[in-house]
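Everything quoted here is computed from the prediction, not taken from an experiment.
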Amino acid sequence: MEGKKILVAFYSMNGNTKAVAEYIKSKTGADIYEIKTSEVYSKDWNETVEIVGKQGKTYEPALIGDMPNVRKYDVVFIGTPCWWGTIANPVRSFLHEVDLSDKTIAPFMTHGTSGRKLQEMKKLCPNSTVLEGIGIYNRYQVETKVNSVENLGDYKPEVDKWLKSIGF
């Protein structure tokens, strides 16, 4: 997608989605924007699962910081951890606060067991072209019980293959 202006917007609880976002930025020359909430979620996975479970899948936490001017971008990569089988609530807030009409969306997700559950982005971006997304498996939940970027394994070749498949 030569000559396109690109943004990588992401929410990351413990740094996993951030690592993937930064890698995509390095491969595409994109600008980057971190979605932040006024409410701080625990770094402890079990505590966050409990809180998010109580909030529900449609809860939209308040975001802080200035929103990026998405009008100047052609392509927006949107990164999210998987929460309760779908996109993280802060990403849902972001998608409602910015107008991504007529943009190309490239979704990516880090997950522990749920796989690539990015269908919600298509619903929340009905006037956008949503490309095939990618899910990056984090062994943390099931195997190591240690939440670290290292548990993503060697995700970079997988991201490279995905980027190539969507035209980057």
_Can you tell whether the side chains of D74 and K103 come within less than 4.0 Å, N to carboxylate O?_
no
*asked:* Looking only at the side chains, is there a donor atom on one of T104 and T129 sitting less than 3.5 Å from an acceptor on the other?
replied: no
*Step by step, work out the side-chain contact (heavy atoms from CB on, under 4.5 Å) result for N89 and E60.*
CA-CA 5 Å; N89 293 342; E60 294 186 16; over 6 Å; no
*Does the side chain of K36 reach to within under 4.5 Å of the side chain of L63, using non-hydrogen atoms?*
no
*Measure from the side-chain N and O atoms of S12 to the backbone N and O of K18, and report whether any donor-acceptor pair falls under 3.5 Å.*
yes
*asked:* Run the side-chain contact (heavy atoms from CB on, under 4.5 Å) test on T110 and Y137 for me, step by step, so that the C-alpha distance in whole Å, both residues' side-chain angles and the decisive distance to 0.1 Å come before the verdict.
replied: CA-CA 6 Å; T110 55; Y137 177 60; over 6 Å; no
*Can you check whether M67 reaches Y33 side chain to side chain, under 4.5 Å on heavy atoms?*
yes
_Min side-chain heavy-atom separation E158-I136 under 4.5 Å_ = yes
*Decide, yes or no, whether a salt bridge links K5 with D31 under the criterion of side-chain N to carboxylate O below 4.0 Å.*
yes
*Audit row: K122, I105, side-chain contact (heavy atoms from CB on, under 4.5 Å) steps and yes/no*: CA-CA 9 Å; K122 286 185 179 183; I105 308 297; over 6 Å; no
*Say whether, by atom type as modelled, one donor and one acceptor occur between the side chain of R92 and the main chain of K57 under 3.5 angstrom.*
yes
*asked:* With rounding to the nearest 0.5 angstrom, report the CG to OG1 distance, L163 to T28.
replied: 7.0 Å
_Interatomic spacing from CG in N16 to CG in N138 - rounded to 0.5 Å_ = 4.5 Å
*Where do N127 and L100 land on the side-chain contact (heavy atoms from CB on, under 4.5 Å) test, with the steps shown first?*
CA-CA 7 Å; N127 299 314; L100 295 170; over 6 Å; no
*State, without any angle test, whether Q55 and E50 hold a side-chain donor-acceptor pair at a distance under 3.5 Å.*
no
*Within a radius of less than 6.0 Å around CG of D66, do more than 12 heavy atoms belonging to other residues, nucleotides or ligands occur?*
no
*Going from CG on L95 to NZ on K123, what distance comes out if it is rounded to the nearest 0.5 angstrom?*
13.0 Å
*asked:* Could you tell me if the side chain of P90 sits less than 4.5 Å from the side chain of F10, heavy atoms only?
replied: no
*First locate atom CE of M109, then atom CD1 of I78, and finally report the distance between them rounded to the nearest 0.5 Å.*
11.5 Å
*May I ask you to check whether Y155 and F108 place their ring centres under 6.0 Å from each other?*
no
*Can F77 and F168 be said to form a ring pair (Phe, Tyr, Trp, His ring centres under 6.0 Å), step by step?*
CA-CA 12 Å; F77 284 84; F168 287 89; 5.2 Å; yes
*Have a look at I35 and tell me which of V98, I64, V91 forms a side chain to side chain contact (heavy atoms under 4.5 Å, CB included) with it.*
V91
*For the atom pair CD1 (I6) and CD1 (I32), what is the distance rounded to the nearest 0.5 Å?*
12.5 Å
*Interatomic distance, E120 atom CD to I87 atom CD1 [nearest 0.5 angstrom]*: 5.5 Å
*Taking the six-membered ring where the residue is Trp, are the ring centres of W83 and Y41 under 6.0 Å apart?*
yes
*Taking T37 for the side chain and E39 for the main chain, is one N or O donor matched with an acceptor at less than 3.5 Å?*
yes
*Output, in order, the C-alpha distance, side-chain angles, deciding distance and verdict of ring pair (Phe, Tyr, Trp, His ring centres under 6.0 Å) for Y23 and W162.*
CA-CA 13 Å; Y23 183 70; W162 171 65; over 10 Å; no
*Side chain of S93, backbone of P61: donor and acceptor closer than 3.5 Å?*
yes
_Using only atom types and a distance under 3.5 Å, with no angle test, would you say the side chain of S128 pairs donor to acceptor with the backbone of D102?_
no
